[in-house]
Amino acid sequence: MVYKLSSTLQAHSSDVRSVVSPTPRLLLSASRDTTAIVWTRPDEQSPFVISSTFMVSPRFVNAIAYLRPTKEAPEGYAVTGSQDAIINVYAIGSSSQDPVYTLLGHSDNVCSLDTTAGGVILSGSWDQTARVWKSFQSTHELKGHSGSVLAVLAINDEEYLTASADKTIKSWKENKALRTFSGHTDAVRDLALIPDLGFASCSNDGDIIMWTIKGDIMHTLSGHTSFVYSLTALPSGDIVSSGEDRSVRVWRDGECLQTIVHPAISVWTVSCMPNGDIVSGASDKRVRVFSESADRWASEGDLKACRINAYEENLAHHAVPSQTEGTVDHSNLPGGDALNTPGNKEGENKLIKTATGTVDAYTWAGGAWMRVGEVTGTTTTGSGEKKLYKGKEWDYVFEVDVQEGAPKLQLPYNANGETTPSSLNRISYTPLVENPYTAAQRFLSDNDLPPAYLDQIAHFIEQQTAGVRVGPASNEFVDPFTGKFPSDNSYDPGYLTLHWTGTSRYQSSASSVPTAGPPTTYQDPYTGGYQSPSSGGSAAPAAAAGSFSDPFTGASRYAPPGSSQPPHAVPATGKILPVKMTLPFRQSNVPAMRTKLLQLNEDIKSDLTLSVVAISKLELQSFERIFTFLQSASSGASTPALQWSDIDQVLQILSRWPESTQFPLIDVLRLVNIYCPDPTGAPPNSKIQMLDDLLAVAKWNEQAAAASGKSRDTNALLVLRALANCFHVSPNGAASGNGQWTSRLFPEMKKVSYEKLNKSQRVALATLLFNFSCVVLTQEVIAEAGQAHLELTLRVLREETSDSETMYRALVAFGNTLSTGKIAESTFPGILDGVASRFSEDRMKVLTTEIRALTKS
């Protein structure tokens, strides 16, 4: 009998890193989304439902275990280990969502857990130690490994096994090391006890080794094509494994009986139930249950009702990165007729060249060839094997020669997968697909190199990894944090169609169908790594098609091989002005924003000198209401307006938090300004109050600009974006943001010397000018505000000498203002000649020609 899908459990919003299934009616899962979930069902034929969701930590939850029931917890305990080095113990079935015990002792990520029937907890950590906990107290610290302890296994209450990134396994009697087992050639990832036989281990080397308890190797199981992450033993004694090659594999007597391919790159974890069912957790955020028993297979009706039938469809449309298949030579690949020949063994892979010239990957599973998906980036060569650096896995580890005669430095980078936490991750969002600038910034920080190397290192990474891409075979942009694709490809006259290439750079399409400008990209204020596509297309100035740069941050990015340099973005129609719809900074990842804010608050609470300014429980309720609102509003749902009292709480906390931690608070206000421009209960001076508070953290004056630092620059950039979002004109012409407060806004903007602004700040300022110009087209504005806005726009037109995107947005703002017919070019002679002399792009020429025509009409 073969295993078939029984159910798919969907609730997590990020990778499922650990699962445990102590009974057929109870299942526990832990995720990078910072939560752990308890799933229950009344009997084996009923579907699992969520019984409890524990908000474990502001950081990744990487391990979960089940601890036997006690009088205090008759349903048992869920034990979690997370990236904040804390172990939490929750009573299952309790009405309280708080941990009943919190175990402190590790100094780094707790990545593995195990328990015994006697109530002992065993934990492993990146701090290179394991700990034994009895009665929820640390009794032993197991020291001896020279790398992260990635797996722990309790044989009984006093005997333990630990596995490490140092490639070894150690056996222990209480706190005494008895033996060291060597056999793997790379980091050892998991251990599983085989009753009456010994134990099994799996490794980044792709092998599974069967050991006796004394350390003799009995079998080596080979079949996985990449890292093997997790192991479990079935009641029958068969072994189940999972890994980076998208598969769960069932083994018996040294042979692979079945390969269960998943529509995900990483199958992080496997567990088995006492009834023999297999549970998996993967990078596609899902928990899956597979059964060998036909009466637990999902019926056709259930498949449709529960949408489980999407499993094979998703699998067939999954893109396979070329790294996992090595070098692909199209000329030697067989056609579809090769699928008529049965496979030689379970899990055998075959590449097939299709009639359209693409390459599909198939695997032999359950007596048939199953399409895994299309192989992307097939011109890329490489083994697909990850590299180990400081005990953690990476897609690449480059050697960088920074000084003649000095040792080469190692630069780790993940093109497709987890960004391994480093010292910078305490102040940054962690993307699932790493931004080259993130890796470059981390490399410079770790090696005390000057920031001037940033662009050079990032470009080096881009060149070395060009063409590497994971995901559906599409030319769309993939959000590296969420893995989602932008859905807004709305039509708007006058602008060239732009397609995202899978990076933060865009290229023009061959189509001449005009659309809205490209989605925006938000960079993590410290690492450059938090990016999300905009969900809304506005008829805003098109970005420079010939400038290989992020249209909002100006950061250079690469394009996949085969993409040509885009032509100049000449509008498809002969008329551009006036541009009536604003360009908001709409990009968002609300769960990530919430996680970051909570993480920073925990850091502040743990600092004795800062704890007094931490967010209180009462204030936290305001934030939860705001995050709930933003999550709903950003998805397009109709949502009642926020209360001003909640927004005021954000402003109060913004004024008291340290400068280096203010950026997520400003980012919350950026989104609030889009989705709730008129909060309920707002006083008449609410806009002025927000302006004052934002300017206070931006320190918008000459003296502050002269002393500008990283945190201050970041805050100033985000303030500009938040202010730009105050002005909005909808497709029906309704405008918001106009008012008395604008007479203070633009004079304040003039207080900073333009030459002190960096490129990202200049683009944001030009967007602010453009958005207000859209309001000028539809409403009467205060004369003082209009004059200051015009003066600031002219200042940008005169002083900008290098960034074409800043210039183009400011030029459109100027053209919009002229379109009102209330001013003439004669009041500022030579301004257009100056622009033409510094910027020769076709789009500039077209726009300046149209502006000149406006002044003569």
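No hydrogens, no waters, no symmetry mates; every other heavy atom, side chains included, goes into these values.
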Worksheet item: Does Arg762 make a cation-pi contact with Tyr754, if we ask for NZ or CZ under 6.0 Å from the ring centre and within 45° of the axis?
Response: yes

Worksheet entry | Row check, Phe770 ring normal vs Arg809 NZ/CZ: under 6.0 Å, within 45° | no

Answer whether the closest heavy-atom distance between the side chains of [X] and [Y] falls below 4.5 Å.
X	Y	value
Gln10	Lys285	no
Ile647	Met690	yes
Asp713	Gln761	yes
Leu691	Leu745	yes
Leu669	Asp693	no
Asn62	Ser82	no
Val89	Pro99	no
Ser819	Leu777	yes

Would you check if there is a donor-acceptor pair between the side chains of [Y] and [X] at a distance under 3.5 Å?
X	Y	result
Ser31	Ser14	no
Asn109	Gln83	no
Ser773	Asn816	yes
Asp646	Ser622	yes
Thr102	Asn88	yes
Asp15	Ser283	no
Ser743	Gln740	yes
Gln689	Asp648	yes

Of the non-hydrogen atoms in [X] and [Y], which two are nearest, and what is the gap between them?
X	Y	result
Cys774	Thr582	CB-CG2, 3.7 Å
Val812	Val579	CG1-CG2, 3.8 Å
Pro664	Leu597	CG-CD1, 4.0 Å
Ile782	Gly739	CD1-O, 3.4 Å
Val56	Thr35	CG2-C, 4.3 Å
Ala11	Trp39	CB-CH2, 3.6 Å

Lys/Arg N to Asp/Glu carboxylate O, [X] vs [Y], below 4.0 Å:
X	Y	answer
Asp692	Arg744	yes
Glu624	Arg594	yes
Lys596	Glu602	no

Worksheet item: Who pairs with Phe54 by ring-ring contact (aromatic ring centres under 6.0 Å, His included), at least two apart in sequence or on another chain?
Response: Tyr90

Worksheet item: Under 30°, 30 to 60°, or over 60°: which ring-plane class applies to Trp741 and Phe727, parallel, tilted or perpendicular?
Response: parallel

Discussion item. Show me the pairs that pass salt bridge (charged side-chain N to carboxylate O under 4.0 Å, His left out) and involve residues 723-740, at least two apart or across chains.
Written reply: none

Worksheet item: How far does CZ of Arg656 sit from CD of Gln662, to the nearest 0.5 angstrom?
Response: 12.0 Å

